[in-house]
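The block underneath contains the structure these notes are about, expressed in C-alpha cells.
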Amino acid sequence: MRAIRIEIEVCVTEQQGRDAEGYDFQAIQDRWLPVWDELKPFEVDTAGAAAQSGERPKKYVLDMFPYPSGDLHMGHAEAFCFGDVLARYWRGQGYDVLHPIGWDSFGLPAENAAIKRGVDPREWTYANIAQQKASFRIYAPSFDWSRVLHTSDPEYYRWNQWLFLKMYEKGLAYRKASWVNWDPVDQTVLANEQVLADGTSERSGAVVVKKKLTQWYFRITDYADRLLDDLDALEGQWPAKVLNMQRNWIGRSRGAEVEFEIEGREQKVPVFTTRPDTLHGATFMVVAPDSDLAAELAEGASEEARAAFRDYLAATQKQTEIERQSADREKTGVFLDHFAVNPVNGERIPVWASDYVLADYGHGAIMAVPAHDQRDLDFALKFELPVRVVVDVRDADGAPLPDPAESGVATAGEGVLVNSGELDGLPKTEAIARAVEVLEERGTGRAATTYRLRDWLISRQRYWGTPIPILHHENGEMRPVDADALPVELPASEGLDLKPKGASPLGAATEWATVVDPETGDTWTRDPDTMDTFVDSSWYYLRFLSSNDATQAFDPAAVNAWGPIDQYAGGVEHAILHLLYSRFITKVLHDLGYLEFDEPFTALLNQGMVLQDGAKMSKSKGNLVEFASELKAHGADALRVTLAFAGPPEDDIDWADVSVQGSAKFLARAWRIADDVQGAGAPRGASFAEGDAGLRRATHRLLADAPGLVEAYKFNVVVARLMEQVNVTRKAIDSGAGVADAAVRESAEAIAVILSLFAPYAAEDMWAKLGYEPSVALVEWPKADESLLVEDEVTMVVQVDGKVRDRLTLPASVSEADAEAAARASAAVQRAIGDRQIVNVIVRVPKIVSIATKPAA
RNA sequence: CCCCCCAUAGCCCAACUGGCAGAGGCAGCCGACUUAAAAUCGGCACAGUCAGGGUUCGAAUCCCUGUGGGGGGACCA
C-alpha cells in the first residue's frame, strides 16, 4: 500500500517535470498566490455611504462558518467551493459582493482535546484556525479576509452576552426547573434539537437520559407561529427538504382545549385534543405519570393506589428515551383513584396515569377516545375500559367499519357523528368547528394550538463557551451583569478541572465567580454555565458587517444595507438547529428594532456529502480522502472543478465516481487554448466581428446560458458547457478557422472569465496569457450578443401519430403554413400516412409538426 | 403509521420545464504518436428513461397505483 502510493507520487512529479512548458498547476498557484495577497481583490467597504446607498447592487454571500477541528476536510472543500462559485458569479455580474469568513470556535471538541492532552482549549483552537486559514489561502475562496471573526474571541462573545441580556430584558431568556436531556458522556444538558431521533446525542452518540434540572432557556416557542408561517415565503428559495424538516419540527397542531372537572379538586384540568368532535366518546382520562397533576392526584388517592403510582412512576423514570419510544409497546398504567366529569354529557370517567401521555406536550393530560384513537383503544382493551363509537366511519364501498372494541382497530377517518347529542349527523370537519363553538358557549373550552417545538435550552455545564452574564445572590436573587462590565471573560483554564463532572468547571473558579458589590458589599456569584454554541452562530452573520467594531454588536445601518444574506450555503445537518435558531434570533432582533428584515437567509443551498465507496468518510472506516493530500497532488483548481462537476450540488458525491485526473486534463486543455492564443492568436483588443461565425455562435450561446445555469445551481452543467466550449475551440484551432481567428480569442476570453468561478488559478493564468492584468475575478462578464444566437436554419421534426417520420432543414423564421406544407410534402411523411385520414395537424414552428391520423373511412 | 425528495447508457450525470432521449465526464473499444508503456491527440460504440395504468397530436417531464432508495416526524393527543 505504502509502496504503491510512493510510486504514484513519483509519477505525478515526473509528469509535472515533463510538462514544464505546459500546464503546471503548482507553478500557476505559486505565481498567483502572492499577487492576490497583494491585490486583496475581495475586500469590500461596507461602512461607507456609497456602499450603503443602494446605488450599486449588492449580494451578501455566506458559507456556514467552519468549526476548527483540525485541518479542512473534503466536506469543507465542497461547501466552500459552491459558495465561492456563487460569490464569484455575482461579482462577474457587476454586484458588490460581501463574502466573509470566520470561525465557530467555541465548543466541546476543543475542550475534550484539552482534557485529553492537557493543553489550553485556546491553544488547540487557535492552532487549528491557523492551519485552516493556511489551507483556505491555497484553496482560494474569494473571501474578504479583513473581517475575520472567531466566536471564542472576547470581542465577539461580549456581544453574545449583550444579546443574552437583551433577551433577558424582554423576558425571552428565563430559568426554569424541568426534565431535560442529559448527555452522560459529555456531562452536560442538550437542547431538544441536539438529540437524534434514536434518543442519542448528536455530539457524543451517548444515549440521552432525562434529569430534572434548573436551566436557562430562550423562549423560542413565542415565535413558533412566525417561524412556521414565514417558511412559506422561502418556498423555492430554500430546499424543499429543509422547509419540510422545519415544519415537522415546529409541529403545529390545531384543536381545542377542554376543561375537565375532577371530583374532589377545585381547579379544572385542561386537556388538548385535535378531535373535540369526539368528546362524547371520551370514556376515560389519562395523565402523564411524571406530571405535577399525577403526583397531586396520587396524593389524594387511597393508600393502595398511591403505592401503585409510586412504583409505576419509578419504573417509568428508569426507562431510557429509546425504550420509551420503541414501537408497539404494551400499554401500561395505573388507576389514580379519581374520576373526572365529561363536560358535554356529565359522565363520570376514571382518571389513569400512563407513560403514553407526555408531561411536556399539551397539558400533560388527555381525554381518551378509544373508538377513534389507536393508542387509547390499546389502553382501553388492556384495562377493560369502555369503548364508545361516536363517528360512523365507512370504508370505500360505504360499508360501516367493524366495531373498534371487537376489531381492535380504532377508526380515525372521516365520518358522520353519532351518539353525540347536538353534533349528531355532522361530518367530522363541521363537527370539530361546532364542538369548539359549543365549548366556548358553555365556557368549558376553546380553540387551541399546540406545538412540538420546545423552548431552546441554552445553558451548558462546560468551560469552552460564552459565560452567562448573570449574578446570583445567596438569597436566590438574580441580576444581570452591567452592560459596561461586559465582557465577562472566561477565566484561564489553568488550574481548572475541565473534566466533565456534571457541574460547570467555572463554578470552581472561585476567584472569578465571586463578585462583591462595591456599594452594598454584598457577595454575588457568577452563573457558572456557558451558552450553547448555537447562540454564537445565530447572529454571526450580522457581526461580519463590522467585525472590528468595539462599540456595538453590529452596525445597524450597514446590516440593513447589506442584509439579509442573499445566498447562504452549508450542510443539511443544520436544517433544524442552526437555521431555526438563527431565524429566531433574527426575528427577535427585528422586534427589538435593530433589523429591518426578519428572515436571515433569503436563499439557501445545501450541499450534499462527500462519500467514499458509498459511505461517509471516516478514519475508522479507512476510507478517508485527505483534503490536504488531494490539494497537494492535484491543486486547488482540479479539486474545485471535480466537486463542481460531480453532479448537482445538493447530491452526495462519491469520490469513487469522480475523476480528479479528468478535471486536471480539462484544465490543461482549457489553459492550452490561452497558451495557443498567446503564441499565435489575434491580439488583445482585436475585433471579434470578423471571427468564425460557428465558433462565435457557440461562445455566445455559452455566455447566454451560463448565468441561468449558475443561478439554478447547475454548476455541473456549466462545467460541462465549458468542456464543450474547450472542445469546439480546440477543433477550430486545429482543423477549422485556425488559431489566428478572432473568434478563438473571443472564446478563450469567455472561457477564462467563466472558468474563474471554478478554477481561479488556471483562469487567472489564462487571463494573463490573453494579455490582461489581474484579476479575472473582477472582470464583468461579456454579454451575449443576441444576434449571434439565432440560427439561420433549423431542423424541424415531423411526427405522424407520435412517431418521428422525417427531419426537415428549414429557415428558422419559417411560417406555420410553410412548415406544414413542407411536412405534408415530405415523401417519408406521405409514406407514413398512406391512405389514412389526417384528423389533426399541430404545428410548433420551428420545432415540430405533429400529424394525427385515423383509418380511412 | 404520516410527510417530503429521488429513480435516464456499465458508472457519475444532461435534456430549454410537454416537442428529435444525449450536452459533458469516467470506464470501455479502435486508431495516431512511442522501441514500449504512460501521458497526449483523433475516433467509435452503448440506454428508450424503475414497473403498470391514465391525460395528450405528442410524456423522462403532468396525474394515479406500485416497487426500490434517501430524508424528516412519530405513543405529539
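In the text below, chain A, chain B and the rest are named by the order of the sequence lines, each starting its count at 1. Heavy atoms only: backbone and side chains are in, while hydrogens, waters and symmetry mates are out.
As a whole-Å value, the separation of Leu358(A) CG from C75(B) P is 7 Å. Per the geometry, CD belonging to Glu786(A) stands 19 Å off P belonging to C16(B), to the nearest Å. Rounded to an integer number of Å, the gap from CH2 of Trp655(A) to C1' of C12(B) is 13 Å. Between Asp806(A) atom CG and G19(B) atom P the separation is 21 Å, expressed in whole Å. Summarising the geometry, the separation between CG on Asp651(A) and C1' on C11(B) is reported as 15 Å, rounded to the nearest angstrom. In this structure, the CD atom of Gln799(A) is 11 Å from the C1' atom of G18(B), given to the nearest Å. At whole-Å resolution of the value, CZ in Arg844(A) and C1' in U56(B) are 12 Å apart. Rounded to whole Å, atom C1' of A23(B) lies 12 Å from atom CZ of Arg701(A).
Here Pro648(A) lies in heavy-atom contact (under 4.0 Å) with sugar-phosphate atoms only. Lys241(A) comes within contact range of the sugar-phosphate backbone alone, with a heavy-atom separation under 4.0 Å but no base atom that close. When heavy atoms are screened at a 4.0 angstrom cut-off, Arg454(A) is found touching no nucleic acid atom at all.
Look at the P atom in both C63(B) and C3(B): the space between them is 16 Å, to the nearest Å. U61(B) and U56(B) have their P atoms separated by 16 Å, with the value rounded to a whole Å. Using C1' as the reference atom, C46(B) and A21(B) are 14 Å apart when rounded to the nearest Å. Atom P of A45(B) sits at a distance of 13 Å from the matching atom of G24(B), rounded to the whole Å. Nucleotides G58(B) and C1(B) are separated by 40 Å at their C1' atoms, to the nearest Å. Nucleotides C26(B) and A9(B) are separated by 13 Å at their C1' atoms, to the nearest Å. Spacing between G48(B) and A59(B) at atom C1', rounded to whole Å, works out to 12 Å.
Ring geometry for Phe379(A) against Tyr356(A) counts as tilted: the plane angle lies between 30° and 60°, on a 0 to 90° scale.
The distance from the CG atom of Leu453(A) to the CG atom of Leu228(A) is 10.0 Å, given to the nearest 0.5 Å. The CZ atom of Arg640(A) sits 9.5 Å away from atom CG of Leu643(A), with the distance rounded to the nearest 0.5 Å.
Considering only the side chain of Asn716(A), A14(B) comes nearest among G72(B), A14(B), A77(B).
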Open item on the list: Return a single string for nucleotides 24-33 of chain B, one symbol per nucleotide in 5' to 3' order, where B is base contact, S is sugar-phosphate-only contact and - is none, cutoff 4.0 angstrom on heavy atoms.
Closed with: BSS-------
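Lys714(A) has a side-chain polar atom (N or O) that falls below the 4.0 Å cut-off from OP1 or OP2 of A15(B). Distances shown here put every side-chain N or O of Arg730(A) at or beyond 4.0 Å from the OP1 or OP2 atom of G42(B). Contact check, Asn244(A) against C5(B): no side-chain N or O comes under 4.0 Å of OP1 or OP2.
The glycosidic torsion of U61(B) lies more than 90° away from 0, placing the base in the anti range.
Between Lys616(A) and Asp652(A) there is no salt bridge, since none of the side-chain N atoms of the basic residue sits less than 4.0 Å from a carboxylate O of the acidic one. Look at Asp705(A) and Lys714(A) and you find no salt bridge, because none of the NZ, NE, NH1 or NH2 atoms lies under 4.0 Å from a carboxylate O.
Scanning for salt bridge (charged side-chain N to carboxylate O under 4.0 Å, His left out) contacts around Arg446(A) gives Glu257(A), Glu259(A), with sequence neighbours left out.
Pair check for A39(B) finds none; no Watson-Crick or G-U wobble contact set falls under 3.5 Å.
Between Phe284(A) and Phe383(A), the distance separating the two ring centers is not shorter than 6.0 angstrom.
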